[in-house]
S.K.: 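Pasting a structure below so you can have a look.
Each chain gets a letter, A, B and so on, in the order its sequence line appears, and its residues count up from 1.
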2 protein chains.
Amino acid sequence: MADQVMEKARVPRGAERLRIDKFTARRLELAEAALETLAELGYARTSLREIAQKSDFTHGVLHYYFTDKVDLITCCVRHYKAKCVTRYDQVTATAPTRDALLEGFLLKLAETLREEAGMHRLWYDLRAQALFEDVFREDVTEIDKSLEDMVWRVASRYAELGGKEPAVSRAALYAVFDGLFQKHLLRHLSNDERAIPELLDEVRRLLPMVA
Amino acid sequence: MADQVMEKARVPRGAERLRIDKFTARRLELAEAALETLAELGYARTSLREIAQKSDFTHGVLHYYFTDKVDLITCCVRHYKAKCVTRYDQVTATAPTRDALLEGFLLKLAETLREEAGMHRLWYDLRAQALFEDVFREDVTEIDKSLEDMVWRVASRYAELGGKEPAVSRAALYAVFDGLFQKHLLRHLSNDERAIPELLDEVRRLLPMVA
DNA sequence: GGAGATTCTGGATGCCTGTTCAGGAAAGGC
DNA sequence: GCCTTTCCTGAACAGGCATCCAGAATCTCC
C-alpha cells in the first residue's frame, strides 16, 4: 500500500484520490510525532518503538505507512523543511525601515532559539548524519540551500533599505549566521542564560557590516 | 583497575608510575583505533565490537581500559583535540607576508579537507551529539573554543601583517570559517570535485575583508 | 623458575533494535 | 446488514548491542 504514493503514471481521481490524501495525511501526522521524539532524543537514540509510544499508535503502524526507518526520517526531514524556511519572510516583507527589519529579525531569532531549540538541534544532528549516509545528502543539501536563501533574503532586503548591497557571498553570509546560531544553541541548551542576548549582540553588530 | 588513572591524592612514583603510564598509553592506542572507526561510521553506527575488530584487540579489552562507552568516546574526543588544534600554527608563525600567510593557510585548508575529511565529519557529528547529551558538552565546548582561538590566531596575524586589526568578533570569525568548511565538506564527501577550489575561493575573498 | 599481579580472551547474558505478519477492528460501498 | 477493503494491533523473529566474567595468557619481580 505504502508505495501507491509514489505512483506517477496517472493522476488519480475521485475516491482513489481521497484515499491517497488520507494516506499521506496520516503519514504527515506520524512524521510530526516522529519529529518530536527525534528532537528530544536525537537521531542516534530514537527507535521506531519510541516514536510510536509518543504517538497515538503502535509501532506496527509505522511500517504500514513507511517502507522503513529511512523512509520515515526522510519524510520527517522534508516536512520539517516546509515549516521553517519561511520563518523570517513576514518580517522581511513588512519592515518599513532598516532598523525595524533588524529588530524584527532579532526578535524572531531569539524566539526561534528559545522555542525551537529541539527542532534545531535535530537539524544539526541530521546534517551531521548526512556526512556519513548518502540517503540523507540530497535532502539535507536542499534544505541547507533553502536556509541559505532565507538568510540571503533578509540580508539583501536589509541592504536594500540602506541603499546598499550585501558585501559577502550567499555562502559566507549563511555560514556566519548558521555558525553563530549553532554555537549559541549549545550554550542555550547548557542553561547559559546569556546565550540569547549575546547572540543578538553578535548579530546586531554583524548585520550592518555585511549588508 | 581502570579508575586508578583518576587517582589524584598522591603523585605515584617508580614502578607504579610506569604501570600507569603503560595503562594510559594503551588507552590512547585504543582511542586512536576507535577514532578511525568513528570517523568511518559516525557515532550512531559505531559499536564497541566494531571498534575492537579494527584494532588488534577483542571487545573485552575495551572494558578493561574504559569503564563504559562514554568513557571511551570522551577519551577519543580529547585525544582528537590535541591533534588538530595547532594545525595552522606553523603557517602563522613562519609566513613572512600577508599573501604568504593567506596562501599557506589555503594550502593547509585544502589538505585538511582532502585528507582529514573523516575526522572532521566525526567532529561535526560529536558536536551535534553534545546538543543532546550533557556528558559531551564540556569537552565539545572546550574544543570549539580551541578551534575558535586557532582561527583567531590566523586572522589576527593576517591583520597584523597588513597593519590592521580583525574587523569582526572571534565568534563571528570562527562561525563563518567553520560554516564554510562544513558546507564544503559535505560537498566534498558527495564527490563534488569543485568543493575544494570553491572553498578556497570563498576564503580568499573573505579573509581580506575581515582582517 | 615459580608465585602473583596484570593483561587479554571470547562466550554468556539480557536488553533493544527494525522488520514481518497473522489476524482483529473499523470503514466504505451497496 | 453484509461483504470487502482499509487500517491497525501486538506477538514473534533474527540480529546487534553493551556489559560482565571466568579463566587463559603474559609479564614482573624475587
Side-chain angles (χ1 to χ4, degrees), chain A residues 1-5 7 12-31 33-34 37-38 41-76 129 133 135-136, chain B residues 1-5 7 12-31 33-34 37-38 40-76 129 133 135:
Chain A
M1 304 283 153
D3 43 332
Q4 288 183 345
V5 171
E7 199 171 307
R13 302 237 164 263
E16 189 187 355
R17 175 63 200 279
L18 201 79
R19 192 171 54 77
I20 293 180
D21 281 354
K22 247 184 80 183
F23 189 81
T24 62
R26 170 79 14 123
R27 261 174 76 96
L28 247 57
E29 189 186 342
L30 289 166
T37 308
L38 283 163
L41 301 176
Y43 174 78
R45 286 161 294 283
T46 300
S47 69
L48 294 180
R49 286 177 150 82
E50 197 89 31
I51 290 171
Q53 205 159 9
K54 300 221 174 194
S55 78
D56 298 329
F57 303 92
T58 56
H59 65 274
V61 135
L62 291 171
H63 284 93
Y64 182 75
Y65 287 99
F66 300 94
T67 61
D68 58 9
K69 197 181 179 182
V70 167
D71 185 27
L72 167 61
I73 305 248
T74 304
C75 181
C76 287
Q129 296 315 309
E133 295 198 60
V135 249
F136 296 145
Chain B
M1 305 288 154
D3 43 331
Q4 290 186 343
V5 171
E7 200 172 305
R13 301 238 164 262
E16 189 186 356
R17 175 63 199 279
L18 201 79
R19 192 171 54 78
I20 294 181
D21 281 354
K22 246 184 82 184
F23 189 82
T24 62
R26 170 77 17 115
R27 262 173 75 97
L28 248 57
E29 188 185 342
L30 289 166
T37 308
L38 283 163
E40 190 184 327
L41 301 175
Y43 174 78
R45 286 161 294 282
T46 300
S47 70
L48 293 181
R49 283 179 146 79
E50 198 87 33
I51 291 171
Q53 207 158 10
K54 301 219 174 197
S55 77
D56 298 330
F57 302 92
T58 57
H59 64 273
V61 186
L62 290 172
H63 283 94
Y64 181 75
Y65 286 98
F66 300 94
T67 61
D68 58 9
K69 198 180 177 180
V70 168
D71 185 28
L72 168 60
I73 306 247
T74 304
C75 180
C76 287
Q129 297 314 309
E133 294 198 62
V135 250

S.K.: For every nucleotide of nucleotides 9-18 of chain D, 5' to 3': is a protein heavy atom under 4.0 Å from its base (B), only from its sugar-phosphate (S), or from neither (-)?
M.R.: BBBB----SB
S.K.: Rounded off to whole Å, could you give me the NZ-to-C1' distance for the A/Lys22 and C/dA26 pair?
M.R.: 10 Å
S.K.: Nearest whole Å is fine: how far is C/dT19 C1' from A/Tyr65 OH?
M.R.: 18 Å
S.K.: Just jot down the side chain to side chain donor-acceptor pair (under 3.5 Å) partners of A/Arg45, sequence neighbours excluded, or say none.
M.R.: B/Gln129, B/Glu133
S.K.: Quick one: side chain to side chain donor-acceptor pair (under 3.5 Å) partners of A/Lys22, sequence neighbours excluded?
M.R.: none
S.K.: Sequence neighbours left out, what passes salt bridge (charged side-chain N to carboxylate O under 4.0 Å, His left out) with A/Arg26? Give chain and number order.
M.R.: A/Glu29
S.K.: Less than 4.5 Å apart, any side-chain heavy atom of A/Asp71 and any of A/His63?
M.R.: no
S.K.: Provide, to the nearest angstrom, the distance between the CZ atom belonging to A/Phe23 and the C1' atom belonging to D/dT5.
M.R.: 14 Å
S.K.: With sequence neighbours left out, write down each residue that passes side chain to side chain donor-acceptor pair (under 3.5 Å) with B/Glu40, or none if nothing qualifies.
M.R.: B/Lys54
S.K.: Which residues pass the side chain to side chain donor-acceptor pair (under 3.5 Å) test with B/Glu50, not counting sequence neighbours?
M.R.: none
S.K.: Whole angstroms only, please: what is the CG-P distance between B/Leu62 and C/dT7?
M.R.: 15 Å
